[in-house]
Amino acid sequence: MNTKQKNAASFAVGFLIMLFSGVFYAWSLFRVELAAMFPAWSASAASMNFSLFIITFCLGGLMGGRLTAQLGQPKVARLGSLLILAGGLLFMLLPRLGDTAALWMMYLTYGGLCGLGVGMVYNADISAVGSLFPKAGGLVSGALLTGFGLGSLIMGAVVMKLADGIGFFPAFLCGVVLVALVSFFGAPLLTPAASAGAAAVAGANDHTTGQMLKTPVFWLFFLWVIFMTSGGLMVINSAAGIAMVFGAAAIIGMIVSVFNGLSRTFIGAFCDKFGSSASMLLSNGAAILAGVFLLIASFTGSKLMMVLGLITVGITYGCAMSMNAVVIREQFGSMNYPSNFSVVTLSGIPASLIGPYVSGVLQDASGGYQTTFIAMIVFSLIAAAMLGGILVIRRRAKK
């Protein structure tokens, strides 16, 4: 197998790993199923599981980035796959437990072990496969993230269809086992370019993690990602419920996942051609537009505007998430990319807490989603202020 064939195989495996791993992001579908089984769970208690998943996903990415220097991406991916499998097997205990014990077991398994495992696999996948295509880093990273975004829709639909025949828990376990197997046996192909050799010749913009953390650009970007993803999660966490409020089927809410996935390849290619500054401007503009569409829908009751709003939320969330992978490599170099990338993914922790919490509080207070849509617009405008700071610093650096 020559280098081109090996790289193509690595990309194919990396894409499949991302696609299957996306099953955990179909939470809004699984949440409806679990709520029917455990009616004593409050909406906020059930929502906390997804927040925990995102938190442990971020921590898993950080662990993976740190371990990569000692173990390499293949071993990190295999370790992550074992955690995913352990979480899936223990998740099967939920039907045997009482409501309270089942809730805590869900937090431990889906929210904890699976989140850590997926985060480790995600970091290994992005950092290894992305390095194999230095001239198309944005496109390749975006394509991988497209798999991750579409996985929530495709794998979520597969699990729910399978659940009609064999029950929810066996169907969910099938999805988890598939993620673990593909990650474990595909791990040997997650080897970075030149194993640090020629590809790691220090460039002028190569930063250690410590150096990166001392730059204003990093912190402005970190805050930009937090506000962008918090705004997106306000809607994504309740997408199925929003669709139902407008008289549409819950599955319509998953249209967010379709465009979340599709937008990642687009923004990656766009970034390769026009740069990350233009890409962030496009993403931020879409976020503001998404909030406006949904706010208009809340006043008019228009299903069309609701669908347009959900589509645009998916686009802006996918674009913002893709910027993590691209901006860190572009701004701070490739030499310490696994570690640097793992740090910026920690932005998902405050975002996963802020977005769903603010949305939940506003929904409880108003009984609807209108104030949530207003909050999304406000968060998007704050993100725009962070982006303005980044653009000013970059412009000065070019002088």
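Computed from a predicted model, the values in this text were never measured in an experiment.
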Practice prompt. Can you spot which of Val121, Leu116, Thr56 makes a side chain to side chain contact (heavy atoms under 4.5 Å, CB included) with Leu83?
Written response: Leu116

Practice prompt. Indicate yes or no: at least one non-hydrogen side-chain atom of Ile226 is less than 4.5 angstrom from one of Phe221.
Written response: no

Fill in: For Ser276, the option from Arg394, Arg329, Gln331 that meets side chain to side chain donor-acceptor pair (under 3.5 Å)
Arg394

Worksheet entry | Close aromatic pair by centroid cut-off 6.0 Å: Phe30 and Trp27 | no

Worksheet entry | Residue pair Ile126 / Ser141: nearest heavy atoms and the distance that separates them | CD1-O, 4.4 Å

Discussion item. Distance check, rounded to the nearest 0.5 Å: Leu294 atom CG versus Phe373 atom CZ?
Written reply: 4.5 Å

Worksheet entry | Flag, side chain of Ser127 to backbone of Asn123, donor-acceptor distance under 3.5 Å | yes

Discussion item. Distance check, rounded to the nearest 0.5 Å: Leu289 atom CG versus Leu308 atom CG?
Written reply: 9.0 Å

Fill in: Side-chain donor/acceptor of Asn284 to backbone N/O of Ser380, under 3.5 Å
yes

Practice prompt. May I ask you to decide if Ala290's main-chain N or O and Thr312's side chain share a donor-acceptor pair within less than 3.5 Å?
Written response: no

Worksheet item: Relative to each other, are the rings of Tyr110 and Phe172 parallel, tilted or perpendicular (30° and 60° limits)?
Response: parallel

Discussion item. I'd like to know if the side chain of Ser10 reaches the main chain of Leu189, judged simply by a donor and an acceptor atom lying under 3.5 Å from each other, with no hydrogens or angles considered.
Written reply: yes

Worksheet entry | From CE (Met323) to CG (Leu387), nearest 0.5 Å | 11.0 Å

Worksheet item: Side chains of Gln73 and Pro338: closer than 4.5 Å at any heavy-atom pair?
Response: yes

Discussion item. Check whether Ser359 reaches the backbone of Gly355 with its side chain - one donor and one acceptor, N or O, closer than 3.5 Å.
Written reply: no

Response to the item:
Residues Ile393 and Pro216: closest non-hydrogen pair is CD1-CB, 3.8 Å

Worksheet entry | Side chain to side chain, Ile374 and Leu362, heavy atoms closer than 4.5 Å | no

Worksheet, complete the sentence: Scanning both residues in full, the closest heavy-atom pair of Arg78 with Phe185 reads NH2-CA, 4.5 Å

Worksheet item: In a check of side chain to side chain contact (heavy atoms under 4.5 Å, CB included) between Phe332 and each of Thr215, Val327, Val344, Thr208, which one passes?
Response: Thr215

Practice prompt. Looking only at non-hydrogen atoms, find the nearest pair between Pro188 and Thr191 and report the distance.
Written response: O-OG1, 3.1 Å

Fill in: Interatomic distance, Ser183 atom OG to Ile17 atom CD1 [nearest 0.5 angstrom]
4.5 Å

Worksheet item: Just wondering, are more than 12 heavy atoms of other shown residues or ligands nearer than 6.0 Å to CE in Met92?
Response: yes

Fill in: Check: His207 main-chain N/O paired with Asn336 side-chain donor or acceptor under 3.5 Å
yes

Discussion item. Testing the 3.5 Å rule here: is there a donor-acceptor pair between the side chains of Thr209 and Asn340?
Written reply: yes

Worksheet item: What distance separates Phe57 CZ from Phe50 CZ, expressed to the nearest 0.5 Å?
Response: 10.0 Å

Discussion item. Nearest 0.5 angstrom please: Ser263 OG to Leu282 CG, how far?
Written reply: 9.5 Å

Worksheet entry | By side-chain contact (heavy atoms from CB on, under 4.5 Å) - contacts of Leu62 (at least two apart) | Arg66, Ser342, Val343, Leu346

Worksheet item: Got more than 12 heavy atoms from elsewhere within 6.0 Å of CE, Met48?
Response: no

Fill in: Pairwise side-chain contact, Met376 with Ile288, heavy-atom cut-off 4.5 Å (strictly under)
no

Worksheet item: Do Leu173 and Phe91 touch side chain to side chain, with heavy atoms closer than 4.5 Å?
Response: no

Worksheet item: Side-chain contact, heavy-atom cut-off 4.5 Å: Met106 with Leu103?
Response: yes

Discussion item. With a 6.0 Å cut-off (strictly less than), is the heavy-atom count around CZ of Phe11, excluding the residue itself, greater than 12?
Written reply: yes

Worksheet entry | Option passing ring-ring contact (aromatic ring centres under 6.0 Å, His included) with Phe24 (candidates Phe53, Tyr122, Phe148) | Phe53

Worksheet, complete the sentence: For Phe168 and Ala163 the tightest heavy-atom approach is CA-CB, 3.7 Å

Worksheet entry | Ala383 to Phe227 - nearest heavy-atom pair and separation | CB-CB, 3.9 Å

Worksheet entry | Note, Met160 side chain near Glu33 side chain (heavy atom, < 4.5 Å) | yes

Worksheet item: Under 3.5 Å, side chain of Asn324 to main-chain N/O of Thr345, donor-acceptor pair present?
Response: no

Worksheet item: Which of these passes side chain to side chain contact (heavy atoms under 4.5 Å, CB included) with Met18: Val13, Asp125, Thr146, Val129?
Response: Asp125

Worksheet item: Any side-chain heavy atom of Phe169 sitting closer than 4.5 Å to one from Met37?
Response: yes

